[in-house]
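Keep in mind it's a predicted model, so treat the numbers as computed, not measured.
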Amino acid sequence: MPLPQALARANRRAANRVIGRFAGFAPLFGIIVHRGRRSGRLYRNPLCVFLEADRVTFALTYGANVDWLKNVQAAGECWLIHRGRRIWLEEPRMLPPDEGRHRMPAVVRWMLRLIRADEFVELRIVRAGTQPGEG
């Protein structure tokens with residue numbers, strides 16, 4: 001069972017504003033930028049980021065029923081600001097719990113078990129530095 005939605009709402013109001021100030025530059029954090037599926041508005045969410053050579057994995061600590069993930073799945077793409085660099089991502093894919101956990105560092109796996117978070121999503125890295133349509 002992932003973290004409660006009441007905590008997610010509180011984080012949106014308080015913690016995300018603080019974390020958002022450094023998340024685009026901190027090693028284990030990033031800011032996912034996505035477009036609202038109904039409004040078309042751009043949204044920015046700070047998240048923990050686990051990069052590999054050709055993909056990025058996110059642990060869904062609030063479960064898969066979160067707006068940022070629904071927006072990314074609907075669009076099929078988004079970008080990530082990580083360590084001051086923009087990384088274009090596509091093809092969101094839900095991962096089986098064992099595969100997702102395996103991609104996390106040991107201490108993160110332990111924390112995820114503690115809060116019973118067992119949903120993960122990966123996105124394929126298309127390119128770093130620009131988004132489609134930019135030079």
Side-chain angles (χ1 to χ4, degrees):
M1 169 138 173
L3 295 172
Q5 287 302 309
L7 182 58
R9 285 188 295 276
N11 273 342
R12 268 196 308 267
R13 291 188 190 107
N16 282 0
R17 291 180 187 192
V18 173
I19 294 168
R21 296 186 187 274
F22 67 83
F25 299 95
L28 290 179
F29 288 91
I31 298 172
I32 193 156
V33 182
H34 55 96
R35 193 165 296 282
R37 59 196 178 282
R38 289 187 289 257
S39 68
R41 179 178 165 213
L42 280 180
Y43 291 94
R44 300 164 59 91
N45 294 81
L47 298 168
C48 287
V49 177
F50 302 94
L51 272 90
E52 295 181 54
D54 61 344
R55 63 187 173 206
V56 178
T57 304
F58 300 98
L60 301 174
T61 54
Y62 296 107
N65 192 27
V66 290
D67 284 330
W68 75 261
L69 180 58
K70 290 176 186 177
N71 290 340
V72 170
Q73 288 173 322
E77 60 189 16
C78 63
W79 69 87
L80 174 71
I81 301 168
H82 179 67
R83 293 187 165 188
R85 208 174 61 153
R86 190 185 320 207
I87 303 169
W88 192 254
L89 306 172
E90 290 183 341
E91 301 172 7
R93 180 176 80 93
M94 297 300 294
L95 298 174
D98 289 340
E99 183 180 347
R101 255 192 300 279
H102 178 72
R103 295 184 185 180
M104 305 291 125
V107 69
V108 174
R109 283 195 302 266
W110 177 81
M111 290 171 53
L112 292 172
R113 278 193 194 100
L114 189 66
I115 65 170
R116 297 186 181 122
D118 61 358
E119 294 178 286
F120 303 86
V121 64
E122 78 167 14
L123 287 107
R124 185 177 63 83
I125 295 173
V126 177
R127 66 176 163 255
T130 64
Q131 70 182 40
E134 290 184 351

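- By the 4.5 Å heavy-atom criterion applied to side chains, Cys48 and Phe29 are counted as neighbours.
- Residues Thr57 and Val121 have side chains not in contact (no heavy-atom distance under 4.5 Å, counting atoms from C-beta outward).
- Taking 4.5 Å as the limit, every side-chain heavy atom of His82 sits out of range of all side-chain heavy atoms of Arg85.
- At a threshold of 4.0 Å, the pair Arg113-Asp118 does not count as salt-bridged, since none of the basic side-chain nitrogens sits closer than that to a carboxylate oxygen.
- Residues forming a side-chain contact (heavy atoms from CB on, under 4.5 Å) with Arg41 (at least two apart in sequence, or on another chain): Ser39, Tyr43.
- Leu51 CG to Leu28 CG: the interatomic distance, rounded to the nearest 0.5 Å, is 10.0 Å.
- Side-chain contact between Glu119 and Val66 is absent, with no heavy atoms from C-beta onward closer than 4.5 Å.
- For Asp67 and His34, the side-chain atoms include no donor-acceptor pair closer than 3.5 Å.
- Not a single donor-acceptor pair under 3.5 Å links the side chain of Glu122 to the backbone N or O of Arg93.
- Atoms CH2 and CG, on Trp88 and Leu80 in that order, are 11.5 Å from each other to the nearest 0.5 Å.
- At most 12 heavy atoms of other shown residues, nucleotides or ligands fall within 6.0 angstrom of atom CE in Met111.
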Exercise for review: Could you check Val108 against Arg101 for side chain to side chain contact (heavy atoms under 4.5 Å, CB included), going step by step and ending with a plain yes or no?
Suggested key: CA-CA 9 Å; Val108 174; Arg101 255 192 300 279; over 6 Å; no
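- Atom CH2 of Trp79 sits about 12.5 Å away from atom CZ of Arg127, to the nearest 0.5 Å.
- Under the ring pair (Phe, Tyr, Trp, His ring centres under 6.0 Å) criterion, Phe120 pairs with no residue, sequence neighbours left out.
- In this structure, the side chain of Arg109 engages the main chain of Met104 through a donor-acceptor pair within 3.5 Å.
- Here the shortest heavy-atom pairing between Gly76 and Pro92 reads O-CD, 3.7 Å.
- Atoms CG and CD1, from Leu123 and Ile87 in turn, are 11.5 Å apart once rounded to the nearest 0.5 Å.
- Proximity of a side-chain donor or acceptor of Asp54 to a complementary backbone N or O of Ile125 within less than 3.5 Å is not detected.
- Considering only heavy atoms from C-beta on, Arg55 stays 4.5 Å or farther from Leu89 through its side chain.
- Distance check, rounded to the nearest 0.5 Å: CD1 of Ile81 to CZ of Arg86 gives 6.5 Å.
- Residue Thr61 comes nearest to Ala117 through the heavy atom pair CA-CB, 4.1 Å, listed as atom of the first residue, atom of the second, then distance.
- With sequence neighbours left out, Arg124 forms a side-chain contact (heavy atoms from CB on, under 4.5 Å) with Glu90, Glu91, Val126.
- For the pair Leu69/Phe58, no side-chain contact is recorded, criterion being any heavy-atom separation below 4.5 Å from C-beta on.
- In terms of heavy-atom proximity, Gly40 sits nearest to Arg35 at O-NH1, 2.6 Å.
- Annotation: side chain of Cys78 is not in contact with side chain of Val33 (no heavy-atom distance under 4.5 Å).
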